[in-house]
Amino acid sequence: MTKNYTRDYWESVLSGLKPEGRHFIDGAHRAAATGETFTRIRPMDGKPGARLARGNAADVDAAVAAARAAFESGIWRKKDPLERKKIMLKWADLIRAHGDELAMLETLDVGKPVMASLTVDVRLCADGIQFYGEMIDKLYDEIAPTGPNARALVRKVPIGVVGAITPWNYPMIIDAWKLGPAIAAGNSVVLKPAEQSSLSAIRLAELAFEAGLPAGVLNVVTGYGEETGKPLALHMDVDMIAFTGSTEVGKLIMGYAAQSNVKRVALELGGKSPLVVFADADLDAAASAAAWGCFYNSGETCHASTRLLVERSVQDQLIAKIEAVTKSDIALKHPLDPSAQIGALIEEEHMKKVLGMIAAGEKEGARRAFGAEQVLSETGGYYISPGVFVDMTNDMSLARQEIFGPVLATIPFDSEEEALKIANDTIYGLAGAVFTKDMDRAHRFSEAIHAGTVWINTYDMSNFATPFGGFKQSGFGRDRSVHAIDKYCDYKTIWQQFG
Ligand code: NAP
């Protein structure tokens, strides 16, 4: 029987919820070594939410020690691949079975609509764990070519203890992007979620343990970036940091790796992705893609299409269509309302920052076409309506800075050459798109945009088979796809001489 996801249903899920806020270390919950906690404020209504352990270096030490012990014991990495696969598949099933609860935890923490948390975030998290679970018994090593009296095995071996540091915008999905391949490859992990979004991470670790993942293989330490993330990245017994977050903190992570034990680093960082619309494009499709590409998740998406480059002759027509799509399809409502398409921003401070960037952009001459205002303030939560600025140039701050709010910067162009120059004139290179009916141009343009993913006549389509990550200051290393396993492995050569 399909469930009736009404507002009352979600209110009842919420009232039955008792979120766990302690670390998860070595298969058990643990308060912070200092006993300190911090309170998460709910973005949907500004009320106090869960209390979380405020971790520090001592908690990180405990989690790393548990991860190291599990790794060295071989309790996970040396287990029969078929058994490991079964455990990961069971974990994925448990995530699905606890989908409503996980969706509510995510919404409480980050303010996105609970139906989006359920149908997108929970689903993709479970799919991610399943994808890498299914790979475990299909990974082969190699035998390298040698002379007749030798045999050289090229083994792919797990790195050891992986520190995963993740952001708050798609917590469960990004956790799965790291945990799936890292654990499937045989590593142990210490996960440090963003301070704003720890609840789903703790629950994911509990469910992994329930599925049969041995104690110590997945540990979660909650707390602030400076107090937990930094000691994790500086730790001498951590072999790799897999980081997703801002370019600013990504640079710090590289520094910590260099200052400590030259640990490996993989970085998924910020973006300012161009969506380029030529006059010959299907403008309805382009408008829909531009609106959803920028405004989904309230613009808190690393690869959001935040720069709309449009051939000048169709700018007004396209903006009118984007306004119509936004107003008819992208409902901004309370996150527990099942018809909400977008919800609250992550916190008050962030909302004020976005409003400040909008005001600064207007001072520079960006012209507001519609939206980009604080709304639903009567809820006590942090909401900004989707908004579009037009007639901009690429040097304006709204076109250069990653806003992480529902703000679209429109820049008109007059030639393909100019469009390409503007598209690539950014420090980022995460994603991009081109809309045109001319397939020669689509091919030329998609090859020439410097970005990890380029879409043609669509936006944000993907699946687990495709790698995701950035060029330039959007980082390096890839999440998703079979290739993601590689970054959690080292090659080891075993040369045997005969005769
Ligand atoms: P952030 O401020 O860089 O934080 C990311 C993570 O790093 C959080 O867990 C944070 O902990 C931690 N952290 C902060 N300072 C640290 C330090 N000194 N040492 C170690 N860890 C530290 O990013 P965010 O605001 O959470 O997320 C938004 C950013 O993530 C945007 O720039 C977005 O583009 C990027 N992002 C990129 C991708 C991608 O795949 N390329 C995907 C999603 C998001 P605290 O929260 O406790 O500070």
Side-chain angles (χ1 to χ4, degrees), residues 38 40 43 52-57 60 109-110 112 121 124 128 163-178 190-198 200-201 220-235 238 241-257 259-260 263 265-273 296-306 345-347 349-350 353-354 401-405 426-431 451-453 460 462 466-481 484:
F38 64 101
R40 173 76 189 128
L52 294 137
R54 181 171 173 176
N56 67 13
V60 170
D109 260 347
V110 306
K112 67 175 77 187
D121 299 64
L124 292 180
I165 301 179
T166 52
W168 46 258
N169 57 343
Y170 293 93
M172 252 187 292
I173 296 176
I174 294 170
D175 289 349
W177 286 2
K178 314 255 181 259
V190 177
L191 168 64
K192 190 294 210 211
E195 77 205 37
Q196 298 90 342
S197 58
S198 306
S200 59
V220 178
V221 180
T222 61
Y224 298 114
E226 274 277 324
E227 295 172 2
T228 48
K230 183 175 175 181
L232 183 62
L234 279 169
H235 207 289
V238 170
I241 291 287
F243 173 83
T244 296
S246 60
T247 296
E248 190 189 348
V249 177
K251 289 179 182 178
L252 292 178
I253 299 287
M254 290 185 85
Y256 300 151
Q259 287 160 40
S260 53
K263 53 178 69 65
V265 171
L267 302 176
E268 298 281 7
L269 309 177
K272 193 75 193 173
S273 301
Y296 183 70
N297 213 41
S298 299
E300 295 170 332
T301 302
C302 49
H303 59 279
S305 56
T306 46
L345 272 74
I346 188 72
E347 54 196 359
E349 192 189 339
H350 182 63
K353 186 175 155 204
V354 173
Q401 294 171 1
E402 192 184 35
I403 300 170
F404 243 52
T426 166
I427 61 165
Y428 299 112
L430 196 50
T453 301
D460 202 14
S462 65
T466 52
F468 179 82
F471 290 3
K472 303 198 281 187
Q473 291 190 38
S474 291
F476 52 84
R478 291 291 179 267
D479 282 331
R480 290 199 324 227
S481 86

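Whatever order the structure lists ligands and atoms in, that order sets their numbers, starting from 1. For clarity, every value in this text was computed on a predicted model and none was experimentally measured.
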Check: Under 4.0 Å from ligand 1, counting heavy atoms only, is it the side chain of Ile174, its backbone, both or neither?
Finding: side chain
Item checked: Beyond-backbone contact of Ile403 with Thr306, side-chain heavy atoms, under 4.5 angstrom -> no
Checklist line | Protein residue, atom and distance nearest to atom 12 (C) of ligand 1, heavy-atom basis | finding: Ile165 CG2, 3.7 Å
Check: Taking both backbone and side-chain atoms of Tyr256, is any N or O found less than 3.5 Å from an N or O belonging to ligand 1?
Finding: yes
Next item on the list: Hey, could you give me the CD1/CZ distance between Ile427 and Phe471, rounded to the nearest 0.5 Å?
Entry: 16.0 Å
Notebook entry, point to check: What atoms of ligand 1 come closer than 4.0 angstrom to any heavy atom of Pro193?
Noted result: 9 (O)
Margin query: Keeping Arg40 on the side-chain end and Leu52 on the backbone end, is there a donor-acceptor pair under 3.5 Å?
Written below: no
Next item on the list: Please examine the side chains of Pro171 and Asp109, heavy atoms only from C-beta on, and report whether any two atoms are closer than 4.5 Å.
Entry: no
Next item on the list: Name the closest protein heavy atom to atom 9 (O) of ligand 1, giving the residue it belongs to and the distance to 0.1 Å.
Entry: Thr166 O, 2.8 Å
Checklist line | Nearest heavy atoms of Leu269 and Cys302, plus distance in Å | finding: O-CB, 4.1 Å
Item checked: Protein heavy atom at shortest distance from atom 32 (O) of ligand 1 -> Glu402 OE1, 2.7 Å
Check: Below 4.0 Å from any atom of ligand 1, is there a heavy atom belonging to Gly223?
Finding: yes
Margin query: Looking at non-hydrogen atoms alone, which of Ala194, Gly250, Cys302, Gly270 comes nearest to atom 36 (N) of ligand 1?
Written below: Cys302
Next item on the list: Provide, to 0.1 Å, the distance between atom 10 (C) of ligand 1 and the closest protein heavy atom, together with that atom's residue and name.
Entry: Lys192 NZ, 4.0 Å
Check: Are Phe243 and Val249 side-chain neighbours, meaning at least one heavy-atom pair lies under 4.5 Å?
Finding: yes
Checklist line | For atom 33 (C) of ligand 1, the protein heavy atom that lies nearest, with its residue and separation | finding: Phe404 CZ, 3.2 Å
Note to self: Show me which atoms of ligand 1 lie under 4.0 Å from any heavy atom of Asn169.
What the structure shows: 43 (C), 44 (C)
Notebook entry, point to check: Any idea which heavy atoms bring His350 and Glu300 closest together, and the distance?
Noted result: CD2-OE2, 3.6 Å
Next item on the list: Starting from atom 46 (O) of ligand 1, locate the nearest protein heavy atom and write down its residue, its atom name and how far away it is, to 0.1 Å.
Entry: Glu195 N, 3.1 Å
Next item on the list: Determine the interplanar angle of the Tyr170 and Tyr296 rings, folded into 0 to 90°, and report it as parallel if under 30°, tilted if 30 to 60°, perpendicular if over 60°.
Entry: parallel
Check: Just going by heavy-atom distances, which of Pro167, Gly229, Gly245 is nearest to atom 35 (C) of ligand 1?
Finding: Gly245
Margin query: Checking contacts here: is it the side chain or the backbone of Ala233 that comes within 4.0 Å of ligand 1, counting heavy atoms only? Could be both or neither.
Written below: neither
Checklist line | Which of the ligand 1 atoms, numbered from 1, are nearer than 4.0 Å to a heavy atom of Glu226 | finding: 18 (N)
Next item on the list: Answer with side chain, backbone, both or neither: which part of Ile253 has a heavy atom less than 4.0 angstrom from an atom of ligand 1?
Entry: side chain
Check: Which ligand 1 atoms, with their elements, are less than 4.0 angstrom from a heavy-atom of Lys230?
Finding: 19 (N), 20 (C)
Next item on the list: Just do the ring pair (Phe, Tyr, Trp, His ring centres under 6.0 Å) check on Phe468 and Trp177 with the steps written out, would you?
Entry: CA-CA 10 Å; Phe468 179 82; Trp177 286 2; 5.2 Å; yes
Check: Under 4.0 Å between a Lys/Arg side-chain N and an Asp/Glu carboxylate O for Lys353 and Glu347?
Finding: no
Check: Picking from Val60, Ile241, Val190, what satisfies side-chain contact (heavy atoms from CB on, under 4.5 Å) with His235?
Finding: Val60
Notebook entry, point to check: Which option out of Trp168, Phe468, Phe38, Phe243 puts a heavy atom nearest to atom 7 (O) of ligand 1?
Noted result: Phe243
Margin query: Need the ligand 1 atom indices (1-based, order shown) with element for anything under 4.0 Å from a heavy-atom of Leu252.
Written below: 18 (N)
Notebook entry, point to check: Which residue and non-hydrogen atom of the protein lie closest to atom 5 (C) of ligand 1, and at what distance in Å?
Noted result: Thr244 O, 3.7 Å
Notebook entry, point to check: Under a 4.0 Å heavy-atom limit, does Leu232 contact ligand 1 with its side chain, its backbone, both, or neither?
Noted result: neither
Note to self: Looking at non-hydrogen atoms alone, which of Leu430, Asn297, Ile241, Leu269 comes nearest to atom 37 (C) of ligand 1?
What the structure shows: Leu269
Check: Between atom CG of Asn169 and atom CG of Leu345, what is the distance when rounded to the nearest 0.5 Å?
Finding: 11.5 Å
Check: Looking only at protein heavy atoms, which one is nearest to atom 23 (O) of ligand 1, and how far off is it?
Finding: Ser246 N, 3.5 Å
Check: Where on His303 is there a heavy atom closer than 4.0 Å to ligand 1, on the side chain, on the backbone, on both, or on neither?
Finding: neither
Notebook entry, point to check: What pair of heavy atoms forms the shortest contact from Glu195 to Gly223, and how long is it?
Noted result: CB-O, 3.5 Å
Check: Gln196 heavy atoms, cut-off 4.0 Å: which ligand 1 atoms fall inside?
Finding: 46 (O)
Notebook entry, point to check: Does any N or O atom in Tyr224 lie less than 3.5 angstrom from one in ligand 1, N or O only?
Noted result: no
Check: Counting only N and O atoms by type, is there a donor-acceptor contact under 3.5 Å from the side chain of Gln196 to the main-chain atoms of Ile346?
Finding: no
Note to self: Donor-acceptor check, side chain of Lys112 to backbone of Ser298, threshold 3.5 angstrom: yes or no?
What the structure shows: no
